[in-house]
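For reference, the structure discussed in these notes is given below.
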2 protein chains.
Amino acid sequence: MSTRSKRRSIMQDKIILGLLLDGDKSSYDLKKSMETSTGFFYNSSQGSIQPALKKLVQNGHVHLTEVRQGGRNKKVYSITEEGEKEFLSWASEPIALDKPRDPALVKMFFFNYVEDSRKLELIETYLNEIETVRSTLKMFQQMNREQLGKNQELLNNPRVRSRLDTLDFGSDYYDFLKAWYGKYAQKIIEELGP
Amino acid sequence: MSTRSKRRSIMQDKIILGLLLDGDKSSYDLKKSMETSTGFFYNSSQGSIQPALKKLVQNGHVHLTEVRQGGRNKKVYSITEEGEKEFLSWASEPIALDKPRDPALVKMFFFNYVEDSRKLELIETYLNEIETVRSTLKMFQQMNREQLGKNQELLNNPRVRSRLDTLDFGSDYYDFLKAWYGKYAQKIIEELGP
DNA sequence: ACTTGCATGTAAGTCGTTACATGATTGT
DNA sequence: ACAATCATGTAACGACTTACATGCAAGT
């Protein structure tokens, strides 16, 4: 037994448990679910999900059932009672404040080593990338809202609600980034011209 | 030779090289420098800097000199020409867009599993943490501005400038977080009371 | 005398990635 | 027949973290 280990991020485990609360899933389903739900802020590879599931089965938070489906063997994972208890307990623990561990900030920090004209190029390209993700998120958000407008039951479903809240955050976050780097580029231009 | 490896984050290596461009440093100095400069968005442990330096020496980006200082042996690291070339080349490469890989979003995503009153508690605590960091950053920013006000030469130093820009980003980022989670809490309260 | 800071390092573990490997089923 | 998607898995590596270990030097 290790006396060490403090548990730092472990976003993956919690996301797996949380998604399994929606219903049983194969590793493949899990990957797909992650892509379309937490995907914009967290998405792990299949090669990462596989050992994570193995560990969760080992520690009893997840149960594995092998089923035959369409003449094929399939491994279906479900959350156990202990897993649910663990998850629920985590969910109401304090929210840890994280650093904005963004590689873009490292570049900005050392931006004095880049020519001004090149700086502007880089920021413009970066802004385009931000806009792409931003508009995709907004579209996704809009789609969800339209679907919900037709279905009052869904709109009052707390599960759907909190998931939309993260989408709202993402959308606002990219708005913030766009505005910030837009202003930043403007500042550089002003300093450049006499 | 591995045909794999794509290089993803490697913030650490770039920060080490960039800080060594300011002047030679020991591993200890490096750690201190990181804490007080990139610390608010990136800070690595000494146990991580050590092997990173070893690797950088091995691949010729950094040079190690053992000096005697005050009757004690000291290992001083300096950036080599190749290291500088590598760094400068990286600095003008495109800025990669990153995901907001924030554990707080995972919690928000599954917030339907938390009671409303507890939610508000958690957000309040979170907001307090945000405010602590925010005010520390603002203070730091103010201090820097004051120092610069007295010294025109420094204010026109591009190195100082870009470092202040990241501070500005951090400050604005925490403003954004504070505003966002403030509104979020408000929304929850409104939905709660009929 | 003692604490704090300077200074360097390793061992073990965590969390994740990319690339590779394999194969069955479904739709065109 | 062939491509796409469903499905599961491993090997090697990467980028860290915490905890432990050690010891000297400077200031109080």
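So that the names make sense, note that chain A is the first sequence line, chain B the second, and so on, each numbered from 1.
For the OP1/OP2 pair of D/dT8 and a distance below 4.0 Å, the side-chain nitrogens and oxygens of A/Q50 include no atom meeting the criterion. Phosphate proximity of D/dA15 to B/S48: absent, as no side-chain N or O sits under 4.0 Å from OP1 or OP2. Residue B/K54 places none of its side-chain N or O atoms closer than 4.0 Å to OP1 or OP2 of C/dT8. At least one side-chain nitrogen or oxygen of B/S45 sits closer than 4.0 Å to the OP1 or OP2 atom of D/dT17.
Between the side chain of A/Q12 and the base of C/dG16, no donor-acceptor pair under 3.5 Å is found. One N or O donor and one acceptor, one from the side chain of A/Q46 and one from the base of D/dT8, sit under 3.5 Å apart.
Between B/M11 atom CE and C/dT17 atom P there is a gap of 14 Å when expressed in whole angstrom units. Computed from coordinates, the A/D24 CG to D/dA7 P distance equals 14 Å when rounded to whole Å. Separating the NZ atom of B/K99 from the C1' atom of C/dT17 is a distance of 13 Å, rounded to the nearest angstrom. One atom, NZ of B/K75, and another, P of D/dC24, lie 16 Å apart when rounded to the nearest Å. If you measure from atom CE of B/M34 to atom P of D/dC16, you get 8 Å, rounded to the nearest angstrom. Distance A/D98 CG to D/dT17 P: 12 Å, rounded to the nearest Å. Regarding B/K25, its NZ atom lies at a distance of 15 Å from the P atom of C/dC6, rounded to whole Å. B/N73 has its CG atom 11 Å from the C1' atom of C/dA7, to the nearest Å.
Across all strands shown, B/S27 has heavy atoms under 4.0 Å from sugar-phosphate atoms exclusively, and none from any base. Note on A/D13: nothing from the nucleic acid sits closer than 4.0 angstrom, heavy atoms only.
Geometrically, B/K107 engages A/W90 in a cation-pi contact, judged by NZ or CZ lying under 6.0 Å from the ring centre and within 45° of the ring axis.
Side-chain proximity of B/Y28 to the nucleotides C/dT18, C/dC6, C/dT10 is greatest for C/dC6. Nearest to the side chain of A/K74, among D/dA7, C/dT10, C/dT17, sits D/dA7. You'll find that the side chain of B/S44 is closest to D/dC16, out of C/dC15, D/dC16, D/dA7. The listed nucleotides are D/dT17, D/dT8, C/dC6; the one nearest the side chain of B/K32 is C/dC6. With distances taken from any side-chain atom of B/I10 to the nucleotides C/dC15, D/dA15, C/dT8, the minimum falls on D/dA15.
Residues A/K55 and B/Y77 each lie close to DNA chain C; by heavy-atom proximity, the contact nearer the 5' end of the strand is made by B/Y77. Nucleotides of DNA chain C nearest to B/G47 and B/D29 differ in position, and the one nearer the 5' end is that of B/D29.
For the pair B/L30/B/L20, a side-chain contact is recorded, criterion being any heavy-atom separation below 4.5 Å from C-beta on. The closest side-chain heavy-atom distance from B/F109 to A/L167 is not below 4.5 Å. Counting heavy atoms from C-beta on, the side chains of B/M108 and A/F169 come closer than 4.5 Å.
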Residues A/Y28, A/I49; criterion side-chain contact (heavy atoms from CB on, under 4.5 Å); working and verdict = CA-CA 9 Å; A/Y28 189 82; A/I49 291 171; over 6 Å; no
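Formation of a donor-acceptor pair under 3.5 Å by the B/K31 side chain with backbone atoms of B/S26 is not found in this model.
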